[in-house]
Trainee: 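Mind having a look at this structure? Questions to follow.
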Amino acid sequence: MTFLRLLSQTKLYWGLIAIFLIGVLSSPVTSSGRNIFLSSGNLLDVLRQVSTTGLVATGMTAVILTGGIDLSVGSMMAICSVVCAMLLTVPGETPAVFLGIPAVGLASLLVGAVVVRFVFLNIEKARGGEANVRDVHLDRVRGTLLPAVGGILLCALVLSFLLPQVQTKFGVLGVLLVAPAVGLLFGTINGAIIVVGRLQPFIVTLAMMVTALGIARLTAGQNNAVLPVYTGTNATADFDVLRQLVFGIVPMPGIFFIVAIILYSVVLRFTPFGRYVYAIGGNEEAARLSGINAGRVKIITYAISGLLAGVAAVLYVAQYRQGKPDAGAGLELDAIAAVVIGGTSLMGGRGSLAGTFCGVLIFGLLSNILQLHNINSNLQLVLKGVIIIGTVLVQERNAYDVLAHLRLTSRRPAQSETAAEERPSRETLSLTMGGKEE
C-alpha cells in the first residue's frame, strides 16, 4: 500500500520519465549513429521553446489555484510584444510610449508603496509577537504617508531612467521594465473587474482577450502586421543577450523561466500569500470568514499573470525578432493544458508549480518527438488533445471510474439475459402453487 501511495504521489514525474524514454527509444539517428533526441542542441531547443509557454503557465497556475481562469494572457503577450518591438525600433512619441510609460509609472508607484508598507507591517508584527499578528495596525504615517512617499520616489527614479530614451530608442533594461508593466496593468484590470464586479473570470478574461487584441492592432497600426526587430540595425545590438546561451549551456529564456517558477514556488509554499491562494481555491467563503482578504489576493494573482505574460513577450521578440498583434494566439490554451497536465485542478485549491514545470516539459518533449518524426501538424494537434484528456482523467482519478463503468455496461446485457432465463414465468408459478394465486 505504501508503494502504491508513493507511486500515486509521484505519477507526474513517472509520466515525464516515460515521455523522455519514449523520445530516446524512438528517436531517429544521424548517419554516424548519434541519437538526435539526446543531443544537447535538441534538448536546449526544447527548453528554449517551452520557456514562453512556461512563464505564462507559471502565472496561470496561481490563478487556477484560486478557482479562476485567465483567457487573456495570449492577447496580453501580443500587445506587450508590439510595445516592446516599437520601443526598440521607433524613436519619438509613439502609441507604445503613450501606453507603456503611464503603465510603468503606475506600476512603480504601486510597487514602491506596497514594499514600504510591507516592511513597516512586518516590523510591527515582530514587535507584537505571533499572538497578535492579526491585530497589527499601522498609524497614518507608516501605513499611508511613508508608503506613498516611497512609491513616488520609485516612480520618479524609474521615469528619470526611461524618459530620456523616448527620443532615441529603448534599450534592453528599458523594454524589460515597460513591457511587463503593461502586462501588469492589464492583469490588474482583470482582477479588479472580477472582484469588484463579482463577475465570472471566464467572461471577464474572455472580454479582455478581445479588447487587448484590438488594442494591440491599434498600437501596431493598420499597415503593420509585423514589427521587425533587427539587432544592430534598427534596434540595439545588446538586445541579442536575451537569446544567447548563458555560459554557453542554458538559453537565456530558460533562465527566466526557471528563476520565475522557483521564486513563485517559494512564495506559494512558504508565505501567507501562498496559503491564502490555496485557501481561496479550496473554499472561498470559508477563507473570507477566517479573515483572508480574498479580493486582494485574487487581484494580485491576475496581476502577476499579466506581468509574466509581459516578460514572455520580451523573450518572444528576442527569439523571433519581431512583435506581432497576434503573437500569443492560442498561447492561453497551451498554458492551461500544461497547468492541468501538471496536476492542478481546474476547481482550484489543489496543485503545485513543480507539477506545472513537469507539465510544461511533458508538453514540450511531446511536441519535439512528433516533430522529429515529421508527424503532420494537424495530427499533432489531435494527438495532443487525446493525451490531455487522458492525463486529466488520471490526474482527477476518474480513469478507474470510467473503466469500471465500461466494464459494468459490457456485463449488463449478459446478466439481463441470464436473469430472464432464470426468472420463472407467471404460469409456472401458478401451476407450482396449485392454483393458490386465485
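Below, each value reflects all heavy atoms present in this structure, side chains not excepted, and no hydrogens, waters or symmetry copies.
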Trainee: Main chain of Leu71, side chain of Thr205: is a donor-acceptor contact present, judged purely on distance under 3.5 Å?
Mentor: yes
Trainee: Among Thr236, Val83, Val178, Leu176, find the residue that satisfies the side-chain contact (heavy atoms from CB on, under 4.5 Å) test when tested with Phe170.
Mentor: Val178
Trainee: Would you find a donor on one side and an acceptor on the other, under 3.5 Å apart, between the side chain of Ser160 and the backbone of Leu157?
Mentor: yes
Trainee: Would you say the side chain of Val56 lies within less than 4.5 Å of the side chain of Leu308, judging by non-hydrogen atoms?
Mentor: no
Trainee: Decide yes or no for Tyr302 and Ser72: does some side-chain heavy atom of the first lie under 4.5 Å from some side-chain heavy atom of the second?
Mentor: no
Trainee: Which heavy atom in Tyr276 sits nearest to a heavy atom in Val297, and how many Å separate them?
Mentor: CB-CG2, 3.9 Å
Trainee: Could you check whether any side-chain N or O of Ser75 sits under 3.5 Å from a backbone N or O of Met209, counting only pairs where one atom can act as donor and the other as acceptor?
Mentor: yes
Trainee: Would you find a donor on one side and an acceptor on the other, under 3.5 Å apart, between the side chain of Ser81 and the backbone of Lys324?
Mentor: yes
Trainee: For atom CZ of Arg243, is the number of surrounding heavy atoms from other residues, nucleotides or ligands below 6.0 Å larger than 12?
Mentor: yes
Trainee: State the CG-CD1 distance between Leu353 and Ile262, to the nearest 0.5 angstrom.
Mentor: 11.0 Å
Trainee: Between Thr61 and Ala57, which heavy-atom pair has the shortest distance, and what is it?
Mentor: OG1-O, 2.7 Å
Trainee: Are any of the side-chain heavy atoms of Val250 and Leu245 separated by less than 4.5 Å?
Mentor: no
Trainee: Please lay out, stage by stage, how Val114 and Arg117 fare under the test side-chain contact (heavy atoms from CB on, under 4.5 Å).
Mentor: CA-CA 5 Å; Val114 169; Arg117 193 176 192 282; 5.9 Å; no
Trainee: Using 0.5 Å steps for rounding, measure from the CD1 atom of Ile19 to the CG atom of Asn368.
Mentor: 11.5 Å
Trainee: Could you check if a side-chain atom of Val311 sits within less than 4.5 angstrom of a side-chain atom of Phe257, using non-hydrogen atoms only?
Mentor: no
Trainee: Would you confirm whether Asn35, through its side chain, and Ser27, through its main-chain N or O, come within 3.5 Å as a donor-acceptor pair?
Mentor: no
Trainee: Mark yes or no for whether Gln165, through its side chain, and Gly171, through its backbone, hold a donor-acceptor pair below 3.5 Å.
Mentor: yes
Trainee: Quick check: does any side chain N or O of Ser305 sit under 3.5 Å from a backbone N or O of Thr301, one acting as donor and the other as acceptor?
Mentor: no
Trainee: Could you tell me whether the side chain of Arg296 reaches within less than 4.5 Å of the side chain of Ile299, counting heavy atoms only?
Mentor: no
Trainee: Looking at Lys169 and Leu88, what are the two nearest heavy atoms and their distance?
Mentor: CD-O, 3.4 Å
Trainee: For a 4.5 angstrom cut-off between non-hydrogen side-chain atoms, does Met208 reach Val204?
Mentor: no
Trainee: Could you tell me whether the side chain of Thr144 and the main chain of Val141 form a donor-acceptor pair under 3.5 Å?
Mentor: no
Trainee: For a side-chain contact (heavy atoms from CB on, under 4.5 Å) check, start with the C-alpha distance between Phe363 and Val50, then their side-chain angles and the critical distance, and finish with the verdict.
Mentor: CA-CA 8 Å; Phe363 214 70; Val50 303; over 6 Å; no
Trainee: Could you go through the side-chain contact (heavy atoms from CB on, under 4.5 Å) check for Leu106 and Thr188 one step at a time?
Mentor: CA-CA 11 Å; Leu106 289 173; Thr188 304; over 6 Å; no
Trainee: Please report the closest heavy-atom contact between Val277 and Ala62, naming both atoms and the distance.
Mentor: CG1-O, 3.9 Å
Trainee: Go through Thr89 and Asn234 one step at a time and tell me if the side-chain hydrogen bond (donor to acceptor under 3.5 Å, both in side chains) criterion holds.
Mentor: CA-CA 5 Å; Thr89 60; Asn234 70 341; 4.8 Å; no
Trainee: Check the pair Met60, Ile336 against side-chain contact (heavy atoms from CB on, under 4.5 Å), reporting the backbone distance first and the verdict last.
Mentor: CA-CA 7 Å; Met60 183 74 75; Ile336 293 171; 3.8 Å; yes
Trainee: Mind checking the OG1-CG spacing from Thr58 to Leu307? Nearest 0.5 Å is all I need.
Mentor: 11.5 Å
Trainee: Of the non-hydrogen atoms in Val229 and Ala85, which two are nearest, and what is the gap between them?
Mentor: CG2-CB, 3.7 Å
Trainee: Drop me the distance from Thr94's OG1 to Leu87's CG, to the nearest 0.5 angstrom.
Mentor: 5.5 Å
Trainee: Determine whether more than 12 heavy atoms belonging to other residues, nucleotides or ligands lie under 6.0 Å from atom CZ of Phe118.
Mentor: no
Trainee: Quick check: are there more than 12 heavy atoms from other residues, nucleotides or ligands sitting under 6.0 Å from CZ of Phe273?
Mentor: yes
Trainee: Just wondering, are more than 12 heavy atoms of other shown residues or ligands nearer than 6.0 Å to CD in Gln371?
Mentor: yes
Trainee: Answer whether the closest heavy-atom distance between the side chains of Pro95 and Leu218 falls below 4.5 Å.
Mentor: no
Trainee: For the side chain of Arg321 and the backbone of Tyr230, is there at least one donor-acceptor N/O pair under 3.5 Å apart?
Mentor: no
Trainee: For a side-chain hydrogen bond (donor to acceptor under 3.5 Å, both in side chains) check, start with the C-alpha distance between Thr231 and Asp240, then their side-chain angles and the critical distance, and finish with the verdict.
Mentor: CA-CA 7 Å; Thr231 52; Asp240 267 343; 3.0 Å; yes
Trainee: If you measure from CD1 on Ile123 to CZ on Arg142, what distance do you get to the nearest 0.5 Å?
Mentor: 8.5 Å
Trainee: Return the minimal non-hydrogen interatomic distance between Ser108 and Leu154, and the atom names on each side.
Mentor: O-CD2, 3.3 Å
Trainee: So how far is it from Phe20 CZ to Leu25 CG, rounded to the nearest 0.5 Å?
Mentor: 10.0 Å
Trainee: Are the side chains of Ile304 and Ile300 in touch, meaning some heavy atoms are under 4.5 Å apart?
Mentor: yes
